[in-house]
Structure formats: structure tokens, C-alpha cells
Number of protein chains: 2
Amino acid sequence: MDKNLKRMATMHRMQVKGLELFYQNGYYNTSVDDILKSLSLSKGAFYHHFQSKEDFFISIIQNLIVQKVYAVLIEPVEKCDNPFRAIESCFENALETAEHNNMDFGFILSNFMTEFNRRNPEISKYLKDIYKVWEVNLVSIFQKAKTDGYLERHVDSEAVATYLISSYIGIRTLMVEGNCKALRYQYMQQLKAYFKSIEQSNLVS
Amino acid sequence: MDKNLKRMATMHRMQVKGLELFYQNGYYNTSVDDILKSLSLSKGAFYHHFQSKEDFFISIIQNLIVQKVYAVLIEPVEKCDNPFRAIESCFENALETAEHNNMDFGFILSNFMTEFNRRNPEISKYLKDIYKVWEVNLVSIFQKAKTDGYLERHVDSEAVATYLISSYIGIRTLMVEGNCKALRYQYMQQLKAYFKSIEQSNLVS
DNA sequence: CTTTTTACCGACCAAGTGGTCGGTTGGGTG
DNA sequence: CACCCAACCGACCACTTGGTCGGTAAAAAG
């Protein structure tokens with residue numbers, strides 16, 4: 001039984017380091033050897049646990065990236081009452097983390113979506129599914145917000161979700177070039193201005 | 001003197017095809033041989049005209065990408081009177097072009113910015129400069145809009161520019177995954193809602 | 001007509017790439 | 001104790017990469 005634990009531990013180490021390097025240097029620009037060297041493991045170990053580099057990356061998506069997106073962007077938004085305040089603080093936190101985390105190279109999902117687009121449809125599919133979950137989650141939150149009297153009824157929930165996701169992907173892309181603090185401040189300021197234009201003004205409080 | 005013309009023509013052919021393939025497959029995932037093969041040219045020809053793959057790409061940035069961004073995103077906005085309507089129709093056009101162009105792989109600038117980030121600081125610099133020009137241009141347009149009575153005076157011009165650029169980068173990233181038409185519609189709709197929240201309501205017309 | 005310069009050719013190179021495979025080792029089980 | 005099998009090793013393979021270099025043909029210069 002101890003064997004199985006060791007197996008899981010080794011695979012997890014590889015996945016964590018793999019994500020780190022893929023995120024940092026890109027998938028195609030990171031070799032399996034790079035990952036193995038920084039873990040002092042051998043080719044044999046890698047191909048014993050994973051079928052191929054592609055299979056390895058898919059396991060990273062399923063085991064690490066999905067959880068990251070859930071933890072940072074989906075769960076924090078669900079529990080709050082006023083969805084706009086919830087999204088604001090969620091984005092504020094996420095951007096602040098990105099800003100202070102010196103190992104940050106942009107929004108993990110959009111980086112990989114860009115890299116795999118038209119080059120590896122299978123992986124693209126996995127990534128698109130994660131973004132889809134995020135989108136659906138936002139849409140249902142906005143639907144509920146209409147019921148709760150936070151969002152004007154005539155507003156298109158899906159359009160708001162799309163616009164939100166777009167701006168988030170974009171600001172994260174811009175932040176990798178530095179000047180993060182100013183960008184975050186400017187972004188949050190205008191996000192609030194945007195929300196004001198679609199928020200229900202007469203609250204039934 | 002004919003020689004110089006031929007030189008320019010060959011270099012230009014290489015640059016155009018190079019941009020096409022780099023855009024499609026990424027810089028690191030496109031080999032010099034790929035480009036040469038599709039042009040029926042040889043290694044010798046390539047390294048006779050360009051010092052290296054990197055030097056080649058920089059020449060593509062300076063000769064092709066800069067002009068593209070100017071033509072699509074900067075010039076169309078400058079000439080119009082009401083800046084909000086100008087930006088709306090500029091973005092609408094740009095997104096429609098992207099949509100109907102089945103060879104669309106996202107916003108060329110943000111794609112490459114993502115790919116070269118932390119991997120090649122020199123090229124990152126060139127790309128960042130282009131985006132900087134776009135930003136400065138937008139900011140000065142918003143400053144003028146305040147004078148002309150289109151934009152509320154208390155609004156932070158730089159923040160608006162940042163928010164605009166973010167959302168554009170993001171929507172272009174999303175559009176590569178398909179469903180472009182709906183995304184474009186949703187985006188433009190919410191962009192207008194956002195503009196409404198910062199536009200001067202009492203026009204001195 | 002000779003000489004020089006230019007555009008271009010393509011075999012070649014060292015350094016990687018993803019992936020294979022025969023082997024070693026050490027804990028778990030009979 | 002013997003045996004098995006999973007975990008791991010690392011030399012090796014075919015192939016691709018960016019880049020070099022000696023050569024050629026033809027246009028321009030003398």
C-alpha cells in the first residue's frame with residue numbers, strides 16, 4: 001500500500017513542477033528533460049507514470065488547473081450576497097495575488113488557450129471547458145441577481161459574463177508586462193463604473 | 001539597382017509568410033525551415049538577408065505588425081468627432097474582420113506578448129512599445145473628449161484606456177475558440193453600457 | 001571582356017527533442 | 001527465504017532545430 005502512496009507523491013511532484021515550468025516557459029518551449037532535471041528524476045520515471053508529454057499535460061489540467069480556477073475565481077463568488085461586491089472583491093484578491101506573486105505570468109487559462117489554439121485541439125477542448133464552467137457560473141449568478149433585485153432585469157446576463165471574462169483575461173495579460181499596481185487600480189475603478197451602469201439602482205433593502 | 005528591388009521583394013515575401021506562420025503556430029513552434037519550405041527558398045537565402053531568427057522576427061514587428069495595429073486600431077479612431085462612437089465602430093470593424101477571417105488566431109499583439117513574456121525580453125520590449133503607443137493615443141483622445149464635452153471631467157482617462165484595452169485583448173482571446181458572432185454582439189452591447197456610464201450626459205450640442 | 005558583388009543554394013553540424021527499452025533495486029507477499 | 005513487480009535509471013534512437021559555409025550563377029562595375 002505504501003507503493004501507491006509513493007506513486008502518487010512522485011506523480012504529484014512532477015505535475016506541480018511541470019505546471020510551474022510550462023506556465024513560465026510555455027508548453028512547447030519546455031522539454032520533459034527540463035522538468036526531470038529540476039526534480040533529479042529520469043526519463044524512465046516519467047514515462048513509467050505518464051504515456052506522453054501530452055497525456056502529462058492533460059493530467060495537470062485535470063488535477064491542478066481546474067482546482068486553481070475553482071478556488072480563485074468560482075468559489076469566492078458563490079457565497080456572497082451581493083454579486084457585484086462579491087465579484088469585485090474576488091477580482092481584487094485575484095489581481096493582488098497575481099501582483100505580489102513574482103512567479104506569475106498571466107492568467108494561466110488564457111495563456112495556454114493562446115498557445116494550444118489550432119495546434120492541439122484536444123488540449124484546447126479541456127481548457128475551453130474550464131472557461132465554460134466559469135462562464136456558466138457567472139451567468140447563473142447574474143440570473144439570481146435579477147431575482148434578488150441587484151441586477152436590472154433587461155440586462156443580458158451572458159453578455160455581462162462575457163464582458164467580465166474578457167476584461168479579466170485582458171488585464172491579466174497586460175499585468176505580466178509590469179506596472180501591476182497601477183493597472184489593478186485602474187481596472188478595478190472602471191469595473192466598478194461598469195457595474196454601476198447595470199446595477200439595480202433602487203435596492204429593495 | 002535592380003538588385004536592391006529584388007532584395008526587398010524577397011525579404012518582404014519572407015516577412016509576410018513568416019508573420020503568417022508565426023501567428024498561426026507561434027514563434028517557437030515554427031521553424032525557419034517551415035517558412036523556407038513554403039516559399040521554396042533555402043537556408044542560404046534566409047541567412048543572407050537576416051542575421052538570425054530573432055532578428056528576422058524583429059524586422060517583422062517593425063515592418064508589418066506596427067503598421068497593422070496603426071491601421072486597424074489607431075488611425076480609425078483619430079479622425080472621428082465623438083470618440084465613443086469612433087471607438088465603437090473601430091472595435092466593431094476589427095471584431096467583424098476577425099470573425100469573418102477564418103484564419104483568425106487572436107489579437108496578434110497579445111498573442112506574441114504572451115509567448116515572449118519572460119522568454120525574450122528584447123522582443124517583449126518591442127511589442128510593449130506598440131501597445132504603449134495605442135494606450136497613449138487613447139488617453140489623448142479621452143483628454144480631448146473632456147474638452148469637447150463628451151467625457152465626464154472626473155473620469156480617469158488612463159484607467160478608461162486600460163480597461164478598454166483589457167477588454168479588447170480578452171474578447172479577441174475568447175473569439176479564437178469559436179462562437180465569434182455571439183461574443184462580438186455581447187461584447188459590443190456591454191461596451192456601450194460601460195461607455196454610457198462615463199459619457200457626459202448633458203451634451204453641449 | 002574581366003572582375004567583383006550580390007542573391008541564392010544545400011550539405012552539413014552540434015545541440016536539443018520526445019520517446020524506447022533493457023536493466024537495477026527494494027519493499028510486499030507467499 | 002524466494003519471488004514478483006512497481007518504481008526508477010540512463011544509454012540510446014530517430015528526428016528536428018537554428019545556424020554555418022563553401023560554392024554557383026548572373027547581374028553590375030571596371
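Small disclaimer: the values here were computed from a predicted structure and weren't measured. Note on naming: letters A, B, ... go to the chains in the order of the sequence lines (proteins, then strands), and numbering restarts at 1 for each one.
Counting non-hydrogen atoms of other residues, nucleotides and ligands closer than 6.0 Å to OH of A:Y70 gives a total of 12 or fewer. Surrounding OH of A:Y47 are more than 12 heavy atoms belonging to other residues, nucleotides or ligands, all under 6.0 Å away.
With distances taken from any side-chain atom of A:D34 to the nucleotides C:dC8, D:dT17, C:dT17, the minimum falls on C:dT17.
B:R184 has a carboxylate O that lies under 4.0 Å from a charged side-chain N of B:E92, or vice versa, which qualifies the two as a salt bridge. Electrostatic pairing of A:K196 and A:E199 does not count as a salt bridge here, judged by no charged N lying under 4.0 Å from a carboxylate O.
The CE-C1' distance, from A:M14 to D:dA7, rounds to 10 Å in whole Å. For the pair B:L36 CG and C:dA7 P, the interatomic distance rounds to 16 Å; values are reported in whole Å. The separation between B:R13 atom CZ and C:dA7 atom P is 15 Å, rounded to whole Å. Remark: C1' of D:dT16 and CG of B:N29 are 12 Å apart, rounded to the nearest angstrom. In this structure, B:K37 places its NZ atom 11 Å from P of D:dG18, rounding to the nearest Å. As rounded to whole Å, 15 Å separates atom C1' of D:dT16 from atom CG of B:N25. Here C:dG19 presents its P atom at 12 Å from CD1 of A:I35, a figure rounded to the nearest Å. In this structure, B:L39 places its CG atom 11 Å from P of C:dC9, rounding to the nearest Å.
Of the N and O atoms on the side chains of B:Y131 and A:E177, not one donor lies less than 3.5 Å from an acceptor on the other residue. In the model, B:Q190 has no side-chain atom that pairs as donor or acceptor with a side-chain atom of A:T162 under 3.5 Å.
Residues meeting the side chain to side chain contact (heavy atoms under 4.5 Å, CB included) test with B:E122, sequence neighbours left out: B:E54, B:I58, B:N120, B:Y126.
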Name the pairs: protein N/O against N/O of nucleotides 19-23 of chain D, kept only if under 3.5 Å.
{"from": "D:dG19", "atom 1": "OP2", "to": "B:Y47", "atom 2": "OH", "distance (Å)": "2.9"}
{"from": "D:dG19", "atom 1": "OP2", "to": "B:K53", "atom 2": "N", "distance (Å)": "2.8"}
{"from": "D:dG19", "atom 1": "N7", "to": "B:K43", "atom 2": "NZ", "distance (Å)": "3.0"}
{"from": "D:dG19", "atom 1": "O6", "to": "B:K43", "atom 2": "NZ", "distance (Å)": "2.7"}

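Dashed line: the shortest gap from a side-chain N or O of B:S31 to OP1 or OP2 of D:dT17 is under 4.0 Å. Side-chain nitrogen and oxygen atoms of B:H48 include none within less than 4.0 Å of the OP1 or OP2 phosphate oxygen of C:dC8.
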